[in-house]
Amino acid sequence: MISNSKILIVEDDRTSADLLSRWLLLLGFEISGIFPKGEDALAAVEKAEPDLILMDIMLAGNIDGIETAMIVKEKFSVPVIFLTALSDESAIQRAKAAEPYGYLMKPFAKKDLQASIEIALYRRKMERQLIESEIWFRTTLSSIGDGVIATDNENKIRFTNSVFDKLGGFLPNECIGKKLEDVYETQHDTTTEGLLYQSLEFDPDSFDEPLQHKILVTKDNRQIPIEEKISSIKSADGKILGKVISLRDTTKRREAQLRALKAKDYYLKFFEEFPILIWRTNKRGESDYFNPTWLEFTGRNIESQLYNGWLDGIHPEDRERFNNAFAESLSKKEKFEIEFRLRSCDAEYHWLACVCNPFYDLENNFEGFIGLCFDIHNRIMLEEELTQSRDTFDAANKAKSTFISIMSHEIRTPLNGIACLIDLLAETKLNPEQSEYLEMIKQSSNTLLGLLNNLLNFSKLEEKKVVLEESKFNLRERVNEILLPYKTQAKRSGVKLNLNVDERIPELIIGDELKLQQIIFNLLSNSVKFTEKGSIDLSFEIDDSILSRSVKTDVIYLHIKVADTGIGIAREKLGMIFESFTQVDNSMTRKFSGSGLGLSIVKKLAELMKGRVWVESELGKGSVFHFVCEVKTERESLFDLTQLN
Ligand code: ADP
């Protein structure tokens with residue numbers, strides 16, 4: 001183990017040196033040099049790198065063995081064993097200062113030499129290991145970021161790491177050996193900020209021993225907030241050897257926490273002023289804040305509302321719905337919106353619209369929910385009233401329509417009787433005057449019948465009792481039939497009546513024949529009524545623009561135009577003529593009779609047939625009424641039609 005170690009001999013007695021070197025070689029050591037003088041030995045140590053020096057105390061040169069050993073200890077730290085024949089007590093005392101690794105009293109035996117060398121080398125090895133482990137230990141403790149101080153059992157500092165030295169304003173090793181209380185001065189942090197921070201940091205669920213929050217007073221009297229932890233150092237048999245204090249500078253963390261707290265506080269202040277109801281929960285969903293508006297609204301004190309006490313104020317019918325919505329949002333940490341009733345200070349329940357948003361701290365950790373509640377009671381009440389009055393209105397409207405339709409029926413029956421009797425009377429012998437009166441009676445009864453028909457149609461449309469019925473019919477024939485009575489009338493008044501049917505319109509079309517007839521009839525009778533001279537042009541065209549976009553192949557868009565050179569309609573009245581019971585001239589002395597229902601029936605029929613009606617008109621010049629709707633055709637005829645396009 002220790003053999004092969006290199007040994008340097010410093011001995012001025014040649015015989016002793018020879019014997020020594022022979023023994024050493026026999027024991028398996030190497031000799032790295034033999035010097036009679038101390039100064040020569042010192043010059044050789046650096047180069048020879050011996051593991052041990054055997055040093056005679058009395059030497060021939062300028063310095064003796066003790067002085068030489070002192071220099072070796074200081075400069076090279078090579079262990080030295082003194083060889084001495086002296087029993088001089090004072091020299092031995094002096095030699096102690098060089099801290100030799102042993103003494104060999106001359107004369108000594110070979111085995112004493114061996115034992116001394118082995119003990120010295122072993123001790124040296126142990127010392128090296130100890131130094132290395134201390135270096136390792138120190139480096140580790142200096143790199144952990146926390147300051148560390150270790151004391152012995154008398155509270156004297158044995159160790160401080162560089163973090164502590166820096167934090168406390170000390171030089172390296174400056175604290176070693178000093179009493180802890182002379183170096184490490186701390187105070188309890190009783191400032192408001194400190195207490196706030198401690199409460200923020202306090203974690204009731206933690207199993208660790210709580211850290212002490214203190215203020216470190218440094219050598220140059222700076223005050224630094226720290227977290228401190230103290231542990232005792234115990235020997236294997238449980239004896240207390242000292243203690244270790246680890247401390248962490250919390251300045252930055254504390255600042256960040258307090259900044260976050262201030263930000264929160266800022267919002268709370270903001271909420272205090274807000275005229276809407278605001279509440280907040282912690283991350284477990286328990287309410288921990290209500291603004292003054294809330295307390296004023298509910299008329300309750302804050303204690304009764306905190307920790308979900310407020311839920312008692314929710315209307316029993318809304319409570320479960322609210323709890324379910326909130327529980328779901330809490331589990332997902334998601335926003336939710338809900339309307340519910342809350343008891344107000346007047347003991348009445350008020351409707352509130354509540355928007356709940358999750359909120360987060362500066363480090364993006366979920367903190368809870370903030371709920372904003374708006375009083376929507378008036379709106380809900382108004383809506384309820386509106387629904388009620390709409391129901392009442394609908395009922396009244398329905399009663400009116402029913403009444404009109406019953407009355408129209410009732411009046412129509414005797415009127416039909418009158419019409420029959422007029423016809424019968426016309427066949428009897430009458431003088432010209434009587435015939436003229438009879439003709440006038442006939443016209444009046446026809447007008448009355450037309451009016452009643454319009455009323456009946458309108459009320460049916462209002463009640464949505466009218467359905468579309470499809471049949472195949474000849475449009476040209478039907479139109480000629482409609483025109484027949486007007487032709488004689490036009491002839492008499494001198495107004496020209498022209499008909500133009502696009503030749504592309506097939507002979508037979510499929511649609512609601514009666515409703516189309518009624519539309520043409522209503523538009524045409526208006527034109528006849530409001531035109532005293534000029535012409536009335538009735539035309540039937542195909543709306544190509546719509547056809548070209550249509551994907552249906554058996555459909556055409558029929559465009560009916562009724563153009564007249566009558567009195568025309570003022571621009572500002574155009575928007576109202578399709579309203580029911582509306583006429584441009586509403587005065588009692590109006591020139592033209594009518595109910596104001598004709599165009600509104602056309603409009604309702606257009607809607608029913610998914611068509612469109614509109615008008616172009618100029619006052620004094622005339623009007624053009626347009627009506628477009630979809631009608632079906634037979635396939636063959638449409639084939640021709642597309643060929644034409
Ligand atoms: P009325 O039975 O009164 O004719 P309508 O609903 O058919 O009711 O027409 C409403 C009003 O629109 C008419 O009173 C008239 O003022 C105006 N009007 C309708 N057609 C024409 C037209 N061709 N020329 C001028 N005014 C018209």
Side-chain angles (χ1 to χ4, degrees), residues 401 404 407-408 411-412 415 443-462 466 479 482-483 485-487 489-490 493-500 514-540 559-609 611-628:
S401 301
I404 291 174
M407 286 314 286
S408 314
I411 301 169
R412 215 158 50 153
L415 203 59
Q443 265 185 26
S444 295
S445 86
N446 277 344
T447 312
L448 198 56
L449 200 63
L451 195 69
L452 280 175
N453 282 340
N454 266 353
L455 261 179
L456 202 59
N457 282 328
F458 179 77
S459 60
K460 272 193 197 153
L461 281 164
E462 277 270 276
V466 183
V479 173
I482 297 170
L483 278 179
Y486 293 109
K487 272 187 180 155
Q489 199 180 330
S493 63
V495 177
K496 269 185 139 182
L497 190 59
N498 306 315
L499 172 68
N500 181 29
L514 285 178
K515 293 192 181 67
L516 265 177
Q517 269 187 50
Q518 189 170 11
I519 288 163
I520 299 163
F521 177 84
N522 283 8
L523 295 179
L524 201 60
S525 54
N526 275 346
S527 282
V528 170
K529 188 161 64 175
F530 296 108
T531 309
E532 288 180 332
K533 56 179 193 303
S535 60
I536 296 170
D537 294 293
L538 173 62
S539 59
F540 293 81
H559 187 166
I560 306 170
K561 265 193 233 170
V562 186
D564 63 49
T565 55
I567 62 168
I569 303 161
R571 179 187 282 268
E572 67 275 13
K573 305 278 184 183
L574 284 176
M576 57 182 261
I577 57 168
F578 291 100
E579 304 286 316
S580 49
F581 306 105
T582 309
Q583 293 167 322
V584 171
D585 179 7
N586 255 337
S587 67
M588 296 295 283
T589 55
R590 63 199 161 92
K591 195 173 163 192
F592 305 99
S593 61
S595 60
L597 280 178
L599 290 181
S600 64
I601 290 175
V602 172
K603 192 177 167 208
K604 282 194 188 298
L605 287 175
E607 281 164 10
L608 189 69
M609 297 165 88
R612 200 157 81 84
V613 61
W614 72 102
V615 62
E616 291 160 337
S617 186
E618 206 178 316
L619 202 61
K621 288 201 168 164
S623 319
V624 188
F625 280 84
H626 300 264
F627 176 83
V628 176

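Worth knowing before you read on, the calculation uses all heavy atoms, side chains too, and leaves out hydrogens, waters and symmetry mates. Counting starts at 1 for both ligands and their atoms, in listed order.
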J.: Which atoms form the tightest heavy-atom contact between Val495 and Thr531, and what is the distance?
T.: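 So the minimum-distance heavy-atom pair works out to CG2-O, 3.8 Å.
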J.: Considering all heavy atoms of both residues, which atom of Ala606 and which atom of Phe627 are nearest to each other, and what is their separation?
T.: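 In this case the closest contact between Ala606 and Phe627 is CB-CE1, 3.5 Å.
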J.: Please state whether Lys529 comes within less than 4.0 angstrom of ligand 1, counting heavy atoms only.
T.: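 Lys529 counts as a contact of ligand 1 under the 4.0 Å cut-off.
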J.: May I ask you to check whether Ile567 has an N/O atom sitting below 3.5 Å from an N/O atom of ligand 1?
T.: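 No.
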J.: Would Gly598 count as being in polar contact with ligand 1, using the rule that some N or O on each side must be under 3.5 angstrom apart?
T.: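 Min N/O separation from ligand 1 is below 3.5 Å for Gly598.
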J.: Output yes when a side-chain donor or acceptor of Ser535 lies under 3.5 Å from a complementary backbone atom of Asp564, and no otherwise.
T.: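 No: the side chain of Ser535 does not pair with the backbone of Asp564.
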J.: Does any N/O atom on Ser600 come nearer than 3.5 Å to any N/O atom on ligand 1?
T.: no
J.: State, with a plain yes or no, whether a side-chain heavy atom of Leu538 is found less than 4.5 Å away from one of Ile482.
T.: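 Answer no - side chains too far apart.
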J.: Answer with yes or no whether Ser623 contacts ligand 1, where contact means a heavy atom under 4.0 Å from a ligand atom.
T.: yes
J.: Going by the angle between their ring planes, with limits at 30° and 60°, are His559 and His626 parallel, tilted or perpendicular?
T.: tilted
J.: Report, in ascending order of atom number, the atoms of ligand 1 lying under 4.0 Å from any heavy atom of Leu599.
T.: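 In order of number, 5 (P), 6 (O), 7 (O), 9 (O), 12 (O), 19 (C).
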J.: Going by the closest heavy atom to atom 19 (C) of ligand 1, which one wins out of Asn526, Ile601, Leu523?
T.: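 That would be Asn526.
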J.: Is any side-chain heavy atom of Arg412 closer than 4.5 Å to one of Asn453?
T.: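 Yes; the side chains approach each other to less than 4.5 Å.
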J.: Please confirm whether Phe625 approaches ligand 1 to less than 4.0 Å, judged on its heavy atoms.
T.: yes
J.: Please classify the Leu597 to ligand 1 contact at 4.0 Å (heavy-atom distances, strictly less than): side chain, backbone, both or neither.
T.: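 Leu597 to ligand 1: backbone contact only, side chain stays beyond 4.0 Å.
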J.: What do you reckon, is CZ of Phe521 surrounded by more than 12 foreign heavy atoms closer than 6.0 Å?
T.: no
